[in-house]
Structure formats: C-alpha cells, structure tokens
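Here the structure is laid out as structure tokens; the discussion comes afterwards.
Please read all numbers here as calculations on a predicted model, not as lab measurements.
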Amino acid sequence: MNYIETHAHIYSSKFDSDRDQVIQDIRDAGIERVYMPNVDVETIAAMLDCEEKYPGLCIPMMGLHPCDVKEDFHEQLVIMEDWLNKRQFAAVGEIGLDLYWDKTFFEQQKEALRIQINWAKERDLPIVLHCRDSMDETISIVKEEHDGKLKGVFHCFNGTLDQANQIIEMGFLLGIGGVATFKNGGLDKVIPEINIDNLVLETDAPYLAPVPYRGKRNSPAYLPIIAEKIGDYLQLSKEEVALKTKQNALNLFREIGS
C-alpha cells in the first residue's frame with residue numbers, strides 16, 4: 001500500500017540526528033512521496049539537500065510561511081521568486097495567514113499571500129495554504145484572487161463544515177493530519193460529510209503528531225494512522241483511503257522534471 005505525504009518538514013533540524021533512520025521508517029510504512037513545504041530563505045538549502053539525498057521521495061515546494069513574514073519579507077520574496085524562475089517546484093508553499101502566533105505583520109502577511117498566489121497563477125502551480133486561526137480570512141483572499149484555474153490545499157484543515165464546503169467549491173483540497181485523531185479536534189463532525197475526492201493526507205511533521213504519539217516528534221511514518229481514522233469516519237478501508245488520497249495528490253502537484 002502506497003501513501004503520499006503532502007506536507008512534512010523533513011528537512012527540519014529536529015530530524016538532524018537520525019534523518020536516515022526516519023527516512024527508512026517512512027519507506028517501511030509505505031510512504032511513496034513526501035512533499036516538503038518551504039518556510040523561509042534560511043530553510044531552502046536544507047530542503048533542497050533532502051531532495052538531493054532522497055531523490056524521488058522528498059519533493060520541494062517554494063514559498064514564504066506567514067509566521068516568517070517580517071519587515072524584510074519583500075527581500076525574501078525576491079530570492080524565492082528567483083528560485084521559482086530557475087528550477088521546478090511541486091507547488092508554491094507554505095504560504096497563507098496566521099493569527100495564532102503574532103498579529104504584528106498581518107497586513108504584510110496578506111500582501112505576501114497575494115503576491116505568492118500570483119506566482120502560482122503565472123506558473124500554473126498549486127498553492128499550499130497555512131491558515132491557523134485565519135480560515136475565513138484566507139478563504140476570502142483566495143476567492144478574490146481566484147482565476148478559475150487556481151488550485152491547492154488548505155493545509156492542516158480544522159475548520160467547520162461550511163468552511164470546508166466553501167474550500168471545495170473553489171476546487172481546493174483539504175489537508176487532513178493528526179488533528180483528525182484528537183478527541184476534541186472537531187473533525188469528527190466534518191470529515192463524515194466530505195467526499196474522499198476532496199482530501200489529501202499530511203502529517204506536518206515534526207509537528208502535530210497523531211494519537212497515540214501526540215506531544216512527541218511527528219513523522220510521515222505515522223500517515224497510516226491518519227488514513228485509518230479517516231477511513232473510520234468515511235466507512236472506507238485504509239487501503240481505499242491510501243489509494244484515493246494518493247491519486248488526489250498526484251493530480252494536484254506539479255511533477256518535477258516534466
């Protein structure tokens with residue numbers, strides 16, 4: 001059984017001590033690909049190093065994370081756009097809005113999001129959206145910027161059924177991770193009402209580990225736990241969830257090298 005992990009920071013320093021073993025565990029768990037969202041200019045080298053060391057498994061995206069939008073965000077975006085111009089990436093991400101950690105640069109976050117959405121439209125790339133405590137605000141901007149072809153993932157979706165339906169109506173997918181296994185995560189009221197055609201699997205490793213590993217370092221190797229939980233909600237086998245979400249991911253992301 002092959003899974004596709006659509007969102008993991010496998011290049012994170014939290015894996016520096018045992019990355020080779022983690023990669024082996026990922027392969028042993030049947031994970032076929034790990035899509036890596038970029039965070040800022042400083043993470044690009046580590047991300048591309050993972051791509052080089054684990055070819056075909058670790059696939060990079062390019063974008064500026066909203067939590068890293070500061071005074072210098074225009075300078076960071078110049079560097080990232082240069083990277084997008086000189087080689088291929090699977091998506092523009094991780095981009096979006098964050099009202100959880102710090103609201104200081106929220107106006108700049110919105111500007112950076114619009115700029116990066118337009119990169120994606122110019123290059124026919126999907127976008128991978130971070131929307132912590134900012135789901136409605138993110139949906140609103142995506143609706144305004146949508147050109148009828150824009151597509152992507154609302155990463156770490158933990159919103160309401162109404163929000164989910166708005167996202168699906170725009171042609172976007174919901175990225176479902178460890179929150180689906182949390183007792184009070186809220187997704188027990190949403191996922192049963194959603195068609196598997198609209199979902200992809202993710203872990204956000206090293207963050208947000210699913211039960212029974214909650215609070216520990218997360219890994220893409222835990223993806224089958226999330227698949228099983230989604231299967232429980234949708235009355236599907238883990239195999240059906242793996243197959244369908246894999247196809248959804250392959251249909252979404254740019255094939256690097258093509």
Side-chain angles (χ1 to χ4, degrees), residues 3-12 15 26 31-69 73 76-98 109 112-132 138 142 145 149-157 172-177 200-208 218 220 223 245-246 248-258:
Y3 297 90
I4 290 201
E5 157 73 274
T6 62
H7 198 110
H9 303 269
I10 200 68
Y11 56 82
S12 164
F15 295 108
I26 289 169
I31 313 303
E32 187 176 304
R33 290 189 187 180
V34 177
Y35 286 95
M36 302 181 295
N38 189 52
V39 174
D40 59 19
V41 165
E42 299 299 318
T43 56
I44 295 172
M47 178 180 69
L48 296 181
D49 186 55
C50 274
E51 179 193 29
E52 185 178 347
K53 286 184 175 173
Y54 313 107
L57 178 69
C58 293
I59 315 292
M61 312 178 200
M62 182 54 65
L64 180 62
H65 193 291
C67 291
D68 291 272
V69 171
F73 81 97
Q76 293 226 18
L77 291 180
V78 166
I79 294 168
M80 291 179 180
E81 187 171 23
D82 185 51
W83 272 105
L84 281 166
N85 287 337
K86 66 187 179 186
R87 60 148 292 167
Q88 292 181 324
F89 290 90
V92 174
E94 174 176 0
I95 67 176
L97 304 174
D98 190 297
Q109 284 186 32
L113 174 56
R114 291 183 190 275
I115 290 168
Q116 294 179 95
I117 287 174
N118 279 287
W119 291 352
K121 291 196 291 191
E122 289 163 8
R123 294 165 177 82
D124 194 26
L125 286 171
I127 57 176
V128 173
L129 292 159
H130 174 106
C131 42
R132 190 166 188 187
T138 307
V142 173
E145 296 290 343
K149 295 185 294 183
L150 186 66
K151 57 185 180 178
V153 180
F154 275 70
H155 146 65
C156 196
F157 179 81
F172 277 65
L173 300 173
L174 309 177
I176 306 296
V200 288
L201 302 179
E202 59 171 62
T203 62
D204 201 19
Y207 317 106
L208 284 174
N218 201 359
L223 210 60
T245 55
K246 170 184 171 177
N248 295 343
L250 292 177
N251 289 341
L252 177 71
F253 288 105
R254 165 72 57 83
E255 187 75 24
I256 294 180
S258 64

- If we only count heavy atoms from C-beta on, is the F253 to I59 side-chain gap below 4.5 Å? no
- If we only count heavy atoms from C-beta on, is the Y11 to D49 side-chain gap below 4.5 Å? no
- Task: Could you grab the distance from atom CG of L201 to atom CG of L223, nearest 0.5 Å is fine?
- Result: 4.5 Å
- For the residue pair G96 and P66, what are the closest heavy atoms and their distance? O-CB, 3.2 Å
- Item | Partner of V200 by side-chain contact (heavy atoms from CB on, under 4.5 Å), out of L174, V153, L252 | V153
- Between V128 and I95, is any pair of side-chain heavy atoms under 4.5 Å apart? no
- Message: Evaluate T43 against H9 for side chain to side chain contact (heavy atoms under 4.5 Å, CB included), listing each step before the verdict.
- Response: CA-CA 10 Å; T43 56; H9 303 269; over 6 Å; no
- Message: Between K121 and E145 (side chain of the first, backbone of the second, donor and acceptor by atom type, cut-off under 3.5 Å), is there such a pair?
- Response: yes
- Message: Tell me which one of R33, M36, E202 satisfies side-chain contact (heavy atoms from CB on, under 4.5 Å) with E5.
- Response: E202
- Query: CD/E42 to CE/M47 distance, rounded to the nearest 0.5 angstrom?
  - Reply: 13.0 Å
- Measure the spacing between OG1 of T6 and CG of N248 and express it to the nearest 0.5 Å. 10.0 Å
- Is the backbone of T203 close enough, under 3.5 Å, to the side chain of N218 for a donor and an acceptor to pair up by distance? yes
- Message: With rounding to the nearest 0.5 angstrom, report the CG to CZ distance, L64 to F73.
- Response: 8.5 Å
- Identify, with sequence neighbours excluded, every residue that meets side-chain contact (heavy atoms from CB on, under 4.5 Å) alongside V41. Q76, I79, M80
- V34 versus I31, closest heavy-atom pair with distance: CG2-CG2, 4.1 Å
- Query: Relative to each other, are the rings of H130 and H155 parallel, tilted or perpendicular (30° and 60° limits)?
  - Reply: tilted
- Item | K246: partners by salt bridge (Lys or Arg N to Asp or Glu O under 4.0 Å), with sequence neighbours left out | E32
- Message: Is any side-chain heavy atom of I256 closer than 4.5 Å to one of P60?
- Response: yes
- Message: Just so I know, are the side chains of I127 and Q116 near enough to count as touching, which here means a heavy-atom distance under 4.5 Å?
- Response: no
- Any side-chain heavy atom of F157 sitting closer than 4.5 Å to one from L173? no
- N/O donor-acceptor pair under 3.5 Å between N38 side chain and M61 backbone: no
- Query: Listed by chain and number, what are the salt bridge (Lys or Arg N to Asp or Glu O under 4.0 Å) partners of D82, not counting sequence neighbours?
  - Reply: K86
- Message: Treating R254 as the side-chain partner and R123 as the backbone partner, does any N or O pair qualify as donor plus acceptor under 3.5 Å?
- Response: yes
- Would you mind reporting whether L84 and L125 have side-chain heavy atoms less than 4.5 Å apart? yes
- Atom CG of N85: over 12 foreign heavy atoms under 6.0 Å: yes
- Query: Is the shortest heavy-atom distance from the side chain of Y35 to the side chain of I4 under 4.5 Å?
  - Reply: yes
- Message: Keeping E81 on the side-chain end and W119 on the backbone end, is there a donor-acceptor pair under 3.5 Å?
- Response: no
- Message: Between E94 and R132, does any NZ, NE, NH1 or NH2 come within less than 4.0 Å of an OD or OE carboxylate oxygen?
- Response: no
